[in-house]
Asker: 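Sharing a structure below in structure tokens format, with a few things to ask.
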Amino acid sequence: VDADREFHVGLARATHNPLFISILESFHLGLQSSMKATLGNVGIQHAVRGHRSILDAVRNHQPDLAADRMQRHLKQAIRDFQSHARGTRK
């Protein structure tokens, strides 16, 4: 969970937008226990793959691709959370 937070906050810091950084940090603090439970249920594989994919696009200066990959990553995180909330495992 800490590594996930650092990844997302690091990307937010790269925007140099203090409001976005503050919102994201608050978001992560509010969801910390849910994130721990979800990652414990589904594993960290989705998050790691998503982070690598996003970071590759950022490093290659492909903002549209990075945005698309971030969207996919967040959608997967939502599916993982929903799976955890239903008590199922993928």
Side-chain angles (χ1 to χ4, degrees):
V1 172
D2 290 337
D4 185 78
R5 180 190 158 295
E6 285 303 315
F7 176 79
H8 289 274
V9 171
L11 284 178
R13 286 185 182 130
T15 69
H16 303 287
N17 181 333
L19 179 60
F20 182 62
I21 296 165
S22 178
I23 290 169
L24 190 69
E25 287 177 334
S26 295
F27 176 77
H28 267 274
L29 284 175
L31 293 179
Q32 193 169 11
S33 63
S34 295
M35 290 172 67
K36 280 183 184 179
T38 300
L39 288 174
N41 185 48
V42 300
I44 63 169
Q45 296 81 10
H46 292 146
V48 170
R49 278 194 302 271
H51 290 177
R52 284 186 182 144
S53 178
I54 295 161
L55 192 55
D56 287 345
V58 169
R59 284 182 176 156
N60 290 320
H61 306 282
Q62 298 174 299
D64 292 338
L65 183 59
D68 178 63
R69 289 178 175 178
M70 179 59 83
Q71 240 180 6
R72 280 196 252 161
H73 172 64
L74 293 174
K75 286 178 182 177
Q76 182 64 53
I78 290 167
R79 286 192 298 272
D80 290 345
F81 176 76
Q82 290 170 334
S83 174
H84 167 71
R86 287 189 306 267
T88 59
R89 188 174 192 169
K90 290 190 172 192

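For reference, positions follow the sequence shown, starting with 1.
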Asker: Look only at the side chain of Ser22 and the backbone of Leu19, and say whether a donor-acceptor pair between them is shorter than 3.5 Å.
Answerer: no
Asker: If you round to the nearest 0.5 Å, how far is CD of Gln76 from CG of Asp80?
Answerer: 4.5 Å
Asker: Go through it in stages, so that I can follow the logic: the residues are His28 and Glu6, the test is side chain to side chain contact (heavy atoms under 4.5 Å, CB included), and I'd like the CA-CA distance, side-chain angles, deciding distance and then a yes or no.
Answerer: CA-CA 10 Å; His28 267 274; Glu6 285 303 315; over 6 Å; no
Asker: Would you say Gln82 and Arg79 are linked by a side-chain donor-acceptor pair, where the criterion is simply a distance under 3.5 Å?
Answerer: no
Asker: Hey, does Arg5 have a side-chain heavy atom less than 4.5 Å from the side chain of Gln32?
Answerer: no
Asker: Are Val58 and Phe7 co-members of a hydrophobic cluster defined by side-chain heavy atoms under 4.5 Å apart?
Answerer: yes
Asker: Is Met35 linked to Phe27 within one hydrophobic cluster, defined over Ile, Leu, Val, Met, Phe, Trp and Tyr using a side-chain heavy-atom separation of less than 4.5 Å?
Answerer: yes
Asker: So do Asp4 and His51 actually touch side chain to side chain, heavy atoms under 4.5 Å?
Answerer: yes
Asker: Calculate, to the nearest 0.5 Å, the distance between atoms CG and CD1 belonging to Leu74 and Ile54 respectively.
Answerer: 7.0 Å
Asker: Can you list the residues that meet the ring-ring contact (aromatic ring centres under 6.0 Å, His included) rule with Phe81, with sequence neighbours excluded?
Answerer: none
Asker: Quick one: are Arg69 and Arg52 in side-chain contact, heavy atoms under 4.5 Å?
Answerer: no
Asker: Give me the ring orientation class for His8 and His73: parallel if the planes are under 30° apart, tilted from 30 to 60°, perpendicular past 60°.
Answerer: parallel
Asker: Determine the minimum heavy-atom distance between Leu11 and Met70, stating which atoms define it.
Answerer: CD1-CE, 3.5 Å
